[in-house]
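Reading through the structure tokens given below for one structure.
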Amino acid sequence: MSKVVMSLPKGMVKDSVTGGLLALASYVALQLVCALLVDKGMLGLEQLYPLVCVTAAIASFLGCGYSVLRGKGTSMLTVPAVVAVFMTLTLAAALLTADTIAIENGVTGLGLSMAAGGLLAALVGGNLPKGGRKKRRARRGGQGRR
């Protein structure tokens, strides 16, 4: 029996989990800022859901950006993994604090915002220059041009 083994880049799981936790931490921090703005009366409650989606996109961008930079652009497989970790942790926290989670409560918009932040991080990370130096070919003959 032969097993199909997919080789993953070194440290991908660690970078994905770390990126997901970074995204969750930044999401919680941004949500606290939004809650303070609503509490002080600077923002109304009708603006809360769009702010939740924006903060989810920003947090996902930060977590995925970390994993892309940490992986030095060798693999974009970490981006969907970070989004999956972030979404799983967010849904687990929602299940712990609420009785049910319904699609009508905006879970779809939240997930799409997370995916959009990850996609933006992948696009930005894919356009960054590679980290290594370019190799120069040695000149033949030992002497330069005369």
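One-based numbering along the sequence shown. The structure presented is a predicted model; accordingly, all values stated were derived computationally and were not measured.
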For this session: For the residue pair Thr90 and Met114, establish whether any side-chain heavy-atom pair is separated by less than 4.5 Å.
Result: yes
Problem set entry | Shared hydrophobic cluster, Leu110 / Val83 (ILVMFWY, side-chain heavy atoms < 4.5 Å) | yes
For this session: Measure the CG-CG distance between Asp15 and Leu22 for me, rounded to the nearest 0.5 Å.
Result: 11.5 Å
Problem set entry | Value rounded to 0.5 Å, distance of CG in Leu51 from CD1 in Ile58 | 9.0 Å
For this session: May I have all residue pairs that pass ring pair (Phe, Tyr, Trp, His ring centres under 6.0 Å) and include part of residues 16-43, sequence neighbours excluded?
Result: Tyr27-Phe86
For this session: Find the distance between CD (Gln47) and CG (Leu37) and round it off to the nearest 0.5 Å.
Result: 10.0 Å
For this session: Hey, could you give me the OG1/CG distance between Thr55 and Leu62, rounded to the nearest 0.5 Å?
Result: 11.0 Å
Seminar exercise, completed: Residues Cys64 and Ser67: closest non-hydrogen pair is O-OG, 2.9 Å
For this session: Examine distances only and state if a side-chain atom of Ser60 and a backbone atom of Ala56 form a donor-acceptor pair shorter than 3.5 Å.
Result: no
For this session: Might you work through the side-chain contact (heavy atoms from CB on, under 4.5 Å) test for Val79 and Val68, ending with a clear yes or no?
Result: CA-CA 7 Å; Val79 171; Val68 167; 3.5 Å; yes
Exercise. Same cluster or not: are Val17 and Val82 linked, directly or through other Ile, Leu, Val, Met, Phe, Trp or Tyr residues, by side-chain heavy atoms under 4.5 angstrom apart?
Worked result: no
Problem set entry | Leu32 side, atom CG; Asp39 side, atom CG - distance, nearest 0.5 Å | 11.5 Å
Exercise. Is Leu95 reachable from Leu89 through a run of hydrophobic residues whose side-chain heavy atoms are each under 4.5 Å from the next?
Worked result: yes
Exercise. Would Tyr49 and Leu45 show up in the same hydrophobic cluster when neighbours are defined by side-chain heavy atoms closer than 4.5 Å?
Worked result: no
Exercise. Is Met87 reachable from Leu21 through a run of I, L, V, M, F, W or Y residues, each pair having side-chain heavy atoms under 4.5 Å apart?
Worked result: yes
Exercise. Closest approach of Ala59 and Leu30, non-hydrogen atoms and distance?
Worked result: N-CD1, 4.5 Å
